[in-house]
**Student:** 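What follows is a single structure, and I will ask about it in a moment.
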Amino acid sequence: MKISKLITLAVLATFAGVLAAGSTGAQTKDPIKVGLIQPLSGPIAAAGSYITNGAKIAADRINAKGGVLGRPLELVIEDNKSDPAETRNAAEKLIVRDKVPVIIGAWGSSMTLAMMPLAAQHGIPMVVETSSSGKITDPKTPGQKVVSRISPTSELEAVGAGALIPKLGMKKIGYMAVNTDWGRGAVVAFGEAFKKNGATIEAVEYVGQADTDFYAQLTKFKAAGVDSIVITDDAPKTAKMLQQMKELGLNVKVLVTGGSAWPDSIVQLAGPKAAEGAMFINFYNPYDYAMAGDPEASKAYVEEWKKRNLPWIGVVEGMRGFDAVNVVAKAIEAAKEPTAPKIMAALKTLEMRGLYGLNKFDQNGQSYPNIIVSQVKDGKYSVVAITPSSQLWEMSAAK
């Protein structure tokens with residue numbers, strides 16, 4: 001009897017072990033969830049859709065190679081409706097219900113700032129792919145400690161473009177910016193760069209996210225006698241501003257900040273005549289793979305964008321999502337397990353080349369991408385200056 005019981009117990013133990021092993025195996029094959037918050041409706045929905053497409057390309061490419069830690073990545077995508085309050089709601093859903101260990105987002109600086117305290121409260125790391133406000137990586141800002149930002153601050157853009165200002169003869173500047181944390185921060189950052197290089201801001205005009213009529217602001221610039229206009233806004237509104245400048249006969253130099261508007265989109269949206277001569281600050285050149293930190297990844301990204309028949313005007317915006325997912329995947333791989341604390345620790349020491357340039361983070365969670373200035377001339381465009389991310393790192397270290 002005793003022997004029979006022992007055999008039975010041994011069989012049950014073996015069976016339980018098999019079940020446990022099977023359960024563990026199933027778990028290790030479960031997808032690793034990655035939260036992605038973007039504006040997929042509202043006035044900047046196009047930009048959010050481009051970034052989401054870039055993120056999907058990266059996730060599909062990673063999964064085709066076997067995933068991360070032997071598991072596929074699953075993007076859990078939420079729409080913030082171009083609104084800070086909705087962004088916080090989306091983040092809460094991802095953290096509490098979906099239990100994601102990391103979030104990418106959330107395009108606009110005001111939206112990113114809105115979700116940072118919540119992410120910090122739950123200890124969830126954030127990879128910021130687009131936002132430019134200096135507040136996001138300011139240690140005094142609530143939630144800054146969970147941020148790793150691959151997009152540049154407006155200050156970095158200003159450093160990269162500042163040397164061009166005297167060369168281009170920009171002296172009396174009118175500044176048109178969207179009335180968000182991004183736009184207001186850019187006015188301050190570029191204002192300092194202009195002053196340092198001998199130029200002054202004669203007038204500042206802020207516009208709403210859904211505005212389409214800029215005649216009143218441009219007329220003020222014309223009356224102020226500005227020789228240059230700097231714009232911080234999205235591509236569709238920038239194109240509209242250029243068209244209205246042409247209608248008003250406002251023939252001045254134009255510099256567009258923010259990195260989302262490769263001249264392709266402006267030429268297409270505004271028309272070659274309105275875009276002629278305009279200069280743009282970008283962080284990625286889709287025509288020259290060698291300018292990216294990882295030329296091979298750049299080539300694969302552009303070819304896949306074309307293969308999926310995605311709108312070409314979104315290819316520069318989409319690279320932000322592509323790089324962000326690759327950064328997250330690399331951090332999870334280094335962390336050895338997909339938990340928020342491990343991923344957060346891995347991001348602090350991560351160093352990898354991507355489309356932005358060299359992705360690694362300083363003590364405040366800021367990375368330093370390539371800063372490229374391009375210009376439209378005779379309906380075509382060319383790169384007129386570049387400050388590589390490696391040079392920005394050297395400049396930072398020299399301070």
Side-chain angles (χ1 to χ4, degrees), residues 46-47 132 154 157-158 160-178 182-183 186-187 190 193-194 197 199 201-205 207 211-215 217-222 224-288 312-317 370-387:
S132 299
S154 297
E157 286 187 64
L164 274 178
I165 291 167
K167 178 182 173 183
L168 296 171
M170 298 173 71
K171 294 180 179 177
K172 299 177 67 177
I173 295 169
Y175 206 129
M176 186 97 87
V178 63
W182 170 40
V187 169
F190 278 90
F194 298 150
N197 288 280
I201 295 184
E202 298 295 318
V204 178
E205 293 290 334
V207 299
D211 289 356
T212 57
D213 183 340
F214 311 104
Y215 292 107
Q217 295 92 337
L218 294 172
T219 300
K220 287 182 184 176
F221 288 161
K222 192 172 184 178
V226 303
D227 59 39
S228 311
I229 292 178
V230 177
I231 299 171
T232 298
D233 213 323
D234 60 40
K237 284 165 64 186
T238 297
K240 188 69 73 175
M241 291 172 191
L242 292 174
Q243 289 173 333
Q244 293 176 11
M245 281 182 212
K246 187 64 67 178
E247 291 171 25
L248 291 171
L250 194 51
N251 296 315
V252 297
K253 300 176 181 72
V254 175
L255 177 65
V256 182
T257 80
S260 297
W262 187 257
D264 274 328
S265 59
I266 299 299
V267 171
Q268 182 175 330
L269 292 168
K273 287 185 179 178
E276 181 66 18
M279 294 171 288
F280 301 85
I281 298 175
N282 300 105
F283 318 119
Y284 175 60
N285 182 344
Y287 294 102
D288 188 346
W312 181 249
I313 62 171
V315 70
V316 171
E317 189 87 40
N370 295 325
I371 307 293
I372 302 167
V373 180
S374 55
Q375 184 175 30
V376 178
K377 192 171 183 181
D378 298 326
K380 300 180 179 178
Y381 31 83
S382 59
V383 173
V384 295
I386 178 170
T387 304

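When a residue number appears, it is its place in the shown sequence, counting from 1. Every value quoted in this text rests on a predicted model; they were computed, and no experiment measured them.
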**Student:** What residues, two or more places apart in sequence or in another chain, satisfy salt bridge (charged side-chain N to carboxylate O under 4.0 Å, His left out) together with Lys273?
**Tutor:** none
**Student:** Report yes if some heavy atom in the side chain of Ile231 is under 4.5 Å from a heavy atom in the side chain of Met241; otherwise report no.
**Tutor:** yes
**Student:** Side chain to side chain donor-acceptor pair (under 3.5 Å) with Glu247: which residues, sequence neighbours excluded?
**Tutor:** Tyr215
**Student:** Return the set of residues passing side chain to side chain contact (heavy atoms under 4.5 Å, CB included) with Glu202 (not counting sequence neighbours), or none when no residue passes.
**Tutor:** Lys172, Thr200, Val226
**Student:** I'd like to know if the side chain of Glu276 reaches the main chain of Asp378, judged simply by a donor and an acceptor atom lying under 3.5 Å from each other, with no hydrogens or angles considered.
**Tutor:** yes
**Student:** Is a side-chain N or O of Asp227 found less than 3.5 angstrom from the main chain of Lys171, in a donor-acceptor match?
**Tutor:** yes
**Student:** Any side-chain heavy atom of Thr219 sitting closer than 4.5 Å to one from Leu248?
**Tutor:** yes
**Student:** Side chain to side chain contact (heavy atoms under 4.5 Å, CB included) with Lys222: which residues, sequence neighbours excluded?
**Tutor:** Leu250
**Student:** With side chains defined as the heavy atoms from C-beta onward, is the minimum distance between Met176 and Asp233 less than 4.5 Å?
**Tutor:** no
**Student:** Side chain to side chain contact (heavy atoms under 4.5 Å, CB included) with Ala177: which residues, sequence neighbours excluded?
**Tutor:** Tyr175, Val187, Tyr206, Thr232
**Student:** Going by side chain to side chain contact (heavy atoms under 4.5 Å, CB included), name the residues that satisfy it together with Ser132, two or more places apart in sequence or in a different chain.
**Tutor:** Ser154, Glu157, Trp182
**Student:** Is it the case that the side chain of Asp211 and the backbone of Asp213 share a donor-acceptor pair, with hydrogens and angles ignored and the cut-off at 3.5 Å?
**Tutor:** no
**Student:** So do Ile173 and Phe194 actually touch side chain to side chain, heavy atoms under 4.5 Å?
**Tutor:** yes
**Student:** Above 12 or not: heavy atoms from other molecules or residues under 6.0 Å from NZ of Lys377?
**Tutor:** no
**Student:** Is it true that the side chains of Asn282 and Ser374 contain a donor and an acceptor less than 3.5 Å apart?
**Tutor:** yes
**Student:** Quick one, Met279 and Val256 - any side-chain contact, counting heavy atoms below 4.5 Å?
**Tutor:** no
**Student:** Taking the side chain as every heavy atom from C-beta outward, state whether Val383 and Val373 have any pair of such atoms under 4.5 Å apart.
**Tutor:** no
**Student:** Quick check: do Ile281 and Leu255 have side-chain heavy atoms less than 4.5 Å from each other?
**Tutor:** yes
**Student:** Is the backbone of Ala47 close enough, under 3.5 Å, to the side chain of Glu317 for a donor and an acceptor to pair up by distance?
**Tutor:** no
